[in-house]
Amino acid sequence: MATYEFRRIEKEWQAYWAKHNTFKTETISVKEKFYVLDMFPYPSGAGLHVGHPLGYIASDIVSRYKRHTGFNVLHPMGYDAFGLPAEQYAIQTGQHPALTTDENIKRYREQLDRIGFSYDWSREIKTCDPNYYKWTQWIFIQLFNSWYNPKTNKAENIQTLVSIFEQSGCETEDLSFTKEDWLGFSDKIKSDILLKYRLAFLSEAMVNWCPELGTVLANDEVKDGLSERGGFPVERKLMTQWSLRISAYAERLLTGLDKIDWSESLKEAQRNWIGKSEGCSLKFFSENTEIEVFTTRPDTIFGVTYLAIAPEHPSLDLLCVNGYREAALDYAEKAKNRSERERQAEVKNITGAFTGSFVKHPFTNEEIPIWIADYVLGSYGTGAVMAVPAHDSRDYAFAKHFKLPIKEVVSGGDISESSYDAKIGDIINSDFLNGLSVKDGIKRSIKEIESLKLGFGKTNYRLRDAVFGRQRYWGEPIPVFYEDGIPKAFAENDLPLILPEIDKYLPTESGEPPLARAANWTYKNHPIETTTMPGWAGSSWYFLRYMDPSNKEGIASKQALEYWKDIDLYMGGSEHATGHLLYFRFWTKFLYDLGIIPSDEPAKKLINQGMIQGMSCLIYRVNQTSKFVSLAHKNKYETTPIHIDIKLVNSSNEVDLDALKAWRPSEFENAEFELENGKLICGTEVGKMSKRWHNVVNPDDVCNDYGADTLRLYEMFLGPLQDAKPWSTQGIEGVLRFLRKFWRLFHNNAEENFNISLETPTKAEFKILHKTIKKISEDIDNFSFNTSVSAFMVCVNELQDLKCNKREILEPLVILLSPFAPHIAEELWLLCGNKEGVSYANWPKFNPEFLVENEFNYPISFNGKVRFNLNFALDIDNKEMESSILNNEQTKKYLEGKEPKKIIIVKGKIVNVVM
RNA sequence: GCGGAUGUGGCGUAAUUGGUAGCCGUGCCAGACUUAGGAUCUGGUGCCGAAAGGCGUGGGGGUUCGAGUCCCUUCAUCCGCACCA
């Protein structure tokens, strides 16, 4: 009885690992550390589908491999457990989000366990656990108590700023007071001033407000004017809000990208999001006002023909004058009230209005009209631009539309049809800038502007501060209370601030957030903040907690932080590029500044696994009828495609009609079907795997049918890890077949008994083994797991051909396979007579001697076309080889009597005869 | 519009990084075994051609003895950002 019983084997070994704490990690060790982290999941009600484990399997392979090669590996898992869906569910059902979350976590855990991951579950964390969020709140307090000192270029305690104010007051663009002023200020005014510097701060700002969710959202939580969760419309709204000053870290977040090994596309996404642009801030004056603009092209200053201001510009009211006032204000009002979505949808439409005001050109003194234009954003730069239609396409379109002058100041383009935006050419029509290149012109003009005190060189970032308060229940309470209207942080000793029980998960009747419902929501008789932290708070530092998850003195012990330092491999989806992965780097840099952690980047290497998409199945309903037609007839009618459960369809896309009727009787029981060849054929579509499209494939089912080892190997075999690929079970049989073949190498085929030989392997057998050791080791180092699986298959095929069942070959192979298919490896390792499990067995050592060849079968090509092969010793002299080739009968045939021009011999590769 | 990626048999993919294109797997064809089973095993399978041979890595051009790989150009698909001055 020795067929490959994957169900029994997998169950037994999973139990063994759990019982023996096989994967428990020592916090401190003499071994070198290796930290492999998966982005922890949000435990949704839908459970895991086959797409989730893709990255987990890959990181598990690396973890297991690193253990075999002697590293102390930290490979933990946990749950990002606060968030909107559980709360939405609570609103609908009244069920406490904590209960729903616990149930979901339980299910996730069961699913994960079935796949045989080597997580150290003793380090599991949940962001909604008070022992965890105590430290999320603690970090918030540190942010609140810190400011970003531009001189030292790092975060410092707010007291260092207070000292500066006490000693020398303050002199900046927006703020000006003496040290005497400061000492005389009331506590409230001092607090308001400090809030302008704190890294966690309260401010009145335009925010993304989602009425449907009843909360504000951060920029990365809004996609195309809709909320990322739920897809509800989002409005702009002026509100007093907690925010984090991530913008202070813009430059370091940008330059830090250069020293981490993340994918280029992901780094580029972050660079775009940070959006650095270097240029110049510059003031234009009129008799009664001044307007500050930001430009990256001060070299085109002589090409300015109008100024454009945003509809939200603060000086708008002042600028709208004479006969233009009413129409201009009316336009601004309309433009402002359009939602983000509408505004984006109308990008192509050119709208604007003249204010009636003018400013003077700083160099020519020409009168320059001021227009309101909705292509100018209130939230970027100064909300005003100097328009140079000749060299900016948006200004060009606007000028053409409103028939404003266009003045060319950079040569090299043709501005009769479109603007010339390129930064190549010489400056013309520009007084002191004439003849300079664009690059020199920028430098020269900034110098001139600075010397005339009209402005200064300046760098702008698109990155906005992150709105941090949420008008929701299921999140970390913000540990702040209000004393006489002044926000103050909790004492650290009083943390955690526990999320209170409330009767209803909805805003109060007066529109306050749900926490306002909590009984006695006060701290030392002062009211506590009622908004909670966003979903990304807990995930911004979780990698540190795994290092020492139950520490009561700090986020983790000093030793643990020093030892584990940072993540060596971080695995997760690219959808977090501008959200989690940015906040995560921001918090790391902040904690580094405070001297709490030793590294200012959280993850040295990051890999984005591709998404596994689902194939969904569509049948076609003829509009306004209950008639469904087969794919071939679809175009005869006006039809609407309907997604049906993929379980109702076989591999030839034929729908099981009885099952369909049973699936949704009300819809299909009495329906009419137009078939082709007696079958209803459905159409297919590749897309996201989701409940909504009825195309979710559950890994549990795959484990049942084929086994976890097969699932693991198959997901890796599907293609390069980073690529997106649709799930299909075509080919999964091949992987199971491979594991059976592997199993059979260890078993006497006739009687199916375990049977391996102690004979010394042949050279050929050793060669197969060492070729495989080399390939698998290199592949894991390169994260090329698909080719590893292929290499295993080649190896087994070759050993099978040689009927090799020698222990000296097979036992090392078991170790090689163990990171990929750990259950079968454990079982065979045990059958081989080993007492200890395979998980920490030493990785086989590659010996290149077994691959040394002394001859090679050279392809002989003529003008690059391979014609035949000839065998030569590898140490043969080139001359000798050449004459041997020339004397060969076949060579003579291809030379057709001609004399070869030359013969190129590449040792061990190829011979090319040039004719 | 800007940026990032990708394009190879019917399909998923591979190619020691400039050196025999198509490994491995699926699918398909043929065969063996079999109480004819969606099991297992063997052989074949890029395209055209009876064969010799020719053609083949999205298209066009180039560099090279030699290009899937390097350069130029063009097309297509996917992803991210987007009126960011």
Side-chain angles (χ1 to χ4, degrees), chain A residues 223-224 263-273 275-277 279-280 293-297 300 308 310 343-344 346-350 373-377 379-388 391-395 397-398 421 460-464 574-575 577-578 608 610-611 651 713-714 717-720 722-726 728-735 737-738 740-741 744 749 774-775 778 784 786-797 800 857-869 900-915:
Chain A
K223 291 255 141 67
D224 301 323
S263 75
E264 203 43 48
S265 64
L266 199 140
K267 288 191 194 181
E268 209 47 44
Q270 293 212 342
R271 288 191 191 107
N272 275 337
W273 190 262
K276 179 178 184 172
S277 58
C280 172
V293 303
F294 174 74
T295 179
T296 54
R297 294 294 303 275
T300 60
R343 208 160 152 169
Q344 280 173 10
E346 289 195 25
V347 165
K348 295 271 154 2
N349 285 350
I350 295 159
D374 76 343
Y375 78 83
V376 181
L377 303 177
S379 57
Y380 183 77
T382 60
V385 303
M386 57 174 233
V388 184
H391 305 290
D392 181 287
S393 54
R394 292 149 310 174
D395 298 344
F398 192 86
D421 297 12
N460 258 333
Y461 299 90
R462 222 183 62 203
L463 183 66
R464 298 273 78 95
S574 57
E575 66 273 19
T578 53
N608 292 128
M611 194 177 18
S651 58
L713 282 171
Y714 182 60
F717 190 51
L718 235 33
Q722 287 91 340
D723 292 3
K725 47 221 149 208
S728 121
T729 44
Q730 297 239 317
I732 197 166
E733 301 275 357
V735 171
R737 218 170 274 152
F738 154 73
R740 287 207 183 105
K741 275 191 206 170
R744 272 203 302 272
N749 275 343
K774 181 167 188 275
K775 177 79 176 139
E778 286 172 358
S784 177
N786 54 329
T787 52
S788 300
V789 180
S790 164
F792 279 125
M793 288 172 171
V794 172
C795 172
V796 167
N797 288 346
Q800 195 181 42
N857 196 22
Y858 282 89
I860 312 298
S861 61
F862 294 80
N863 284 343
K865 283 194 204 306
V866 175
R867 297 300 181 176
F868 56 91
N869 287 52
K901 285 196 189 115
K902 63 176 156 174
I903 298 182
I904 289 162
I905 298 173
V906 185
K907 269 272 171 275
K909 294 243 163 96
I910 199 166
V911 174
N912 193 13
V913 181
V914 187
M915 299 198 288

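Proteins come first, then strands; the chains are lettered A, B, ... in the order of their sequence lines, and each starts at number 1.
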- Task: Provide the distance between the two C1' atoms, one in B:U73 and one in B:C78, to the nearest whole Å.
- Result: 22 Å
- In whole Å, what separates the P atom of B:U69 from that of B:G60? 13 Å
- Comparing nearest nucleotides in RNA chain B, the 5'-proximal residue of the pair A:Ser265, A:Val794 is A:Ser265
- Hey, which of A:Val735, A:Asn786, A:Leu718 is the one that makes side chain to side chain contact (heavy atoms under 4.5 Å, CB included) with A:Leu713? A:Val735
- Message: Give me the distance, rounded to whole Å, that separates B:G7 from B:G59 when you measure between the C1' atoms they each carry.
- Response: 12 Å
- If B:U6 has a Watson-Crick or G-U wobble mate with both distances under 3.5 Å, name it; if not, just say none. B:A76
- Item | Watson-Crick or G-U wobble partner of B:G68, both distances under 3.5 Å | none
- Please tell me which of A:Asn869 and A:Asn863 maps to the more 5' nucleotide of RNA chain B, matching each residue to the nucleotide holding its nearest heavy atom. A:Asn869
- Message: Run the salt bridge (charged side-chain N to carboxylate O under 4.0 Å, His left out) test against A:Lys775 and tell me which residues pass, sequence neighbours left out.
- Response: A:Asp779
- Message: Taking the C1' atom in each of B:A14 and B:U26, what is the distance between them to the nearest angstrom?
- Response: 14 Å
- Task: Searching all strands shown, indicate the nucleotide that pairs with B:C24 (Watson-Crick or G-U wobble; both distances under 3.5 Å).
- Result: B:G12
- Considering all heavy atoms of both residues, which atom of A:Gln800 and which atom of A:Arg744 are nearest to each other, and what is their separation? NE2-NH2, 4.3 Å
- Note on the structure: By the Watson-Crick or G-U definition, both distances under 3.5 Å, B:G18 is matched with none
- Query: Could you go step by step and tell me if A:Lys902 and A:Asn912 meet the side-chain hydrogen bond (donor to acceptor under 3.5 Å, both in side chains) rule?
  - Reply: CA-CA 8 Å; A:Lys902 63 176 156 174; A:Asn912 193 13; over 6 Å; no
- Hunt down the Watson-Crick or G-U wobble partner of B:C81, both distances under 3.5 Å, from any strand shown, or write none. B:G1
- Note on the structure: A:Ile904 atom CD1 is separated from B:U64 atom C1', nearest whole Å, by 9 Å
- So, is A:Tyr380 close to the B:A85 phosphate, meaning a side-chain N or O under 4.0 Å from OP1 or OP2? yes
- Message: Strictly by Watson-Crick or wobble contacts shorter than 3.5 Å, is anything paired with B:U42, and which nucleotide is it?
- Response: B:A30
- Task: Let me know the distance between CE of A:Met611 and P of B:U6, rounded to the nearest Å.
- Result: 18 Å
- State whether a side-chain donor-acceptor pair under 3.5 Å links A:Ser790 with A:Thr787. no
- Message: Nearest whole Å is fine: how far is B:U20 C1' from A:Lys907 NZ?
- Response: 18 Å
- Message: Using every non-hydrogen atom in the two residues, find where A:Ser263 and A:Asn608 come nearest and quote the distance to one decimal.
- Response: OG-OD1, 3.6 Å
- Task: With C1' as the reference atom in both, quote the distance from B:U8 to B:A15 in angstrom, rounded to an integer.
- Result: 11 Å
- Query: How close or far is atom P of B:C79 from atom CD of A:Glu575, stated in whole angstroms?
  - Reply: 14 Å
- Message: Between B:C24 and B:G38, how many Å separate the two C1' atoms, rounded to a whole number?
- Response: 23 Å
- Query: B:G53 and B:A5: how far apart are their C1' atoms, nearest whole angstrom?
  - Reply: 40 Å
- Query: Within this structure, what is the NZ-to-P distance between A:Lys725 and B:U26, rounded to whole angstrom?
  - Reply: 19 Å
- In whole angstroms, the gap separating C1' of B:C2 from NZ of A:Lys276 amounts to 18 Å
- Message: Is it the case that B:C81 (base atoms only) and A:Asn272 (side chain only) share a donor and an acceptor within less than 3.5 Å, ignoring hydrogens and angles?
- Response: no
- Query: Quick one: is A:Arg867 getting a side-chain N or O under 4.0 Å of the B:G54 phosphate, OP1 or OP2?
  - Reply: yes
- Message: Work out how far the P atom of B:G66 is from that of B:G4, and round it to whole angstrom.
- Response: 32 Å
- Item | Closest heavy-atom pair and its distance - A:Tyr714, A:Gly731 | CE1-C, 3.6 Å
- Message: If the cut-off is 4.0 Å, is A:Lys865 near the phosphate of B:A21, judged by side-chain N/O to OP1 or OP2?
- Response: no
Between protein and nucleotides 41-48 of chain B, what N or O pairs are separated by less than 3.5 Å?
from, atom 1, to, atom 2, distance (Å)
B:C41, OP1, A:Arg744, NH2, 3.1

- Would you kindly give the NZ-to-C1' distance between A:Lys267 and B:G3, to the nearest whole Å? 15 Å
- Query: Would one find a side-chain N or O of A:Ser277 under 4.0 angstrom from OP1 or OP2 of B:A85?
  - Reply: yes
- Query: Is the shortest side-chain N to carboxylate O distance from A:Arg271 to A:Glu264 below 4.0 Å?
  - Reply: yes
- Item | Any A:Asn797 side-chain nitrogen or oxygen under 4.0 Å from OP1 or OP2 of B:C24 | no
- Task: Return the orientation label for the A:Tyr380 and A:Phe294 ring planes: parallel under 30°, perpendicular over 60°, tilted otherwise.
- Result: perpendicular
- Whole-Å distance, A:Asn912 CG to B:C65 C1', equals 5 Å
